[in-house]
Amino acid sequence: MSPDETADAAHRADTAHRAEWEAVLTVLELAAVAEDPAPWHAPAGLGPVPRALVGRASRLLAAQRDRIQALELQRRATLDHLGALRQVDATREPQRSVYLDASA
């Protein structure tokens, strides 16, 4: 293989590697803003992030961290609301018989 052919093959491999990473990052970016994202599984054999995409991957990571924090706040608020509802229910008087005499 000539040096030009070797360089061309390396360039094609780099381009394919970058395209694979771009596709993965796009899926993750869409999932970061979706209401109910589909489960994601890391692709095997992807290799390191191309240097040109490190900034995009870093922004995605920051967005994912922000989303995790927002979800955690929502989870805590939901637990607080459920706790308040349970306290209200605990103070109510039963409106009808609570027990059934099954032995009579």
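Only this structure's heavy atoms are used, side chains among them; waters, hydrogens and symmetry mates stay out. Residue indices begin at 1 and follow the sequence shown.
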**Report entry** Residue pair His17 / Leu46: nearest heavy atoms and the distance that separates them
**Finding:** NE2-O, 2.8 Å
Query raised in the report: What pair of heavy atoms forms the shortest contact from Arg18 to Pro50, and how long is it?
Result: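 Scanning both residues, the minimum pair turns out to be CA-CG, 4.0 Å.
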At what distance, to the nearest 0.5 angstrom, does [atom1] of [X] lie from [atom2] of [Y]?
{"X": "Gln64", "Y": "Glu29", "atom1": "CD", "atom2": "CD", "value": "9.5 Å"}
{"X": "Leu79", "Y": "Arg86", "atom1": "CG", "atom2": "CZ", "value": "8.0 Å"}
{"X": "Leu73", "Y": "Thr78", "atom1": "CG", "atom2": "OG1", "value": "10.5 Å"}
{"X": "Leu25", "Y": "Arg59", "atom1": "CG", "atom2": "CZ", "value": "10.0 Å"}
{"X": "Arg75", "Y": "Asp80", "atom1": "CZ", "atom2": "CG", "value": "10.0 Å"}
{"X": "Leu71", "Y": "Gln69", "atom1": "CG", "atom2": "CD", "value": "10.5 Å"}

Query raised in the report: Counting only heavy atoms not in Glu72, do more than 12 sit closer than 6.0 Å to its CD atom?
Result: yes
Query - Option from Val27, Leu28, Thr26 for which side-chain contact (heavy atoms from CB on, under 4.5 Å) with Leu30 holds - result: Thr26
Report task. Measure from the side-chain N and O atoms of Trp21 to the backbone N and O of Ala16, and report whether any donor-acceptor pair falls under 3.5 Å. Result ->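 Side chain of Trp21 to backbone of Ala16: no pair is present.
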Query raised in the report: Any side-chain heavy-atom pair from Glu22 and Arg56 closer than 4.5 angstrom?
Result: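 Yes, side chains in contact.
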Query - Heavy-atom side-chain contact between Arg65 and Leu61 under 4.5 Å - result: yes
**Report entry** Hphob cluster co-occupancy, Trp40 + Val33, side-chain heavy atoms under 4.5 angstrom
**Finding:** no
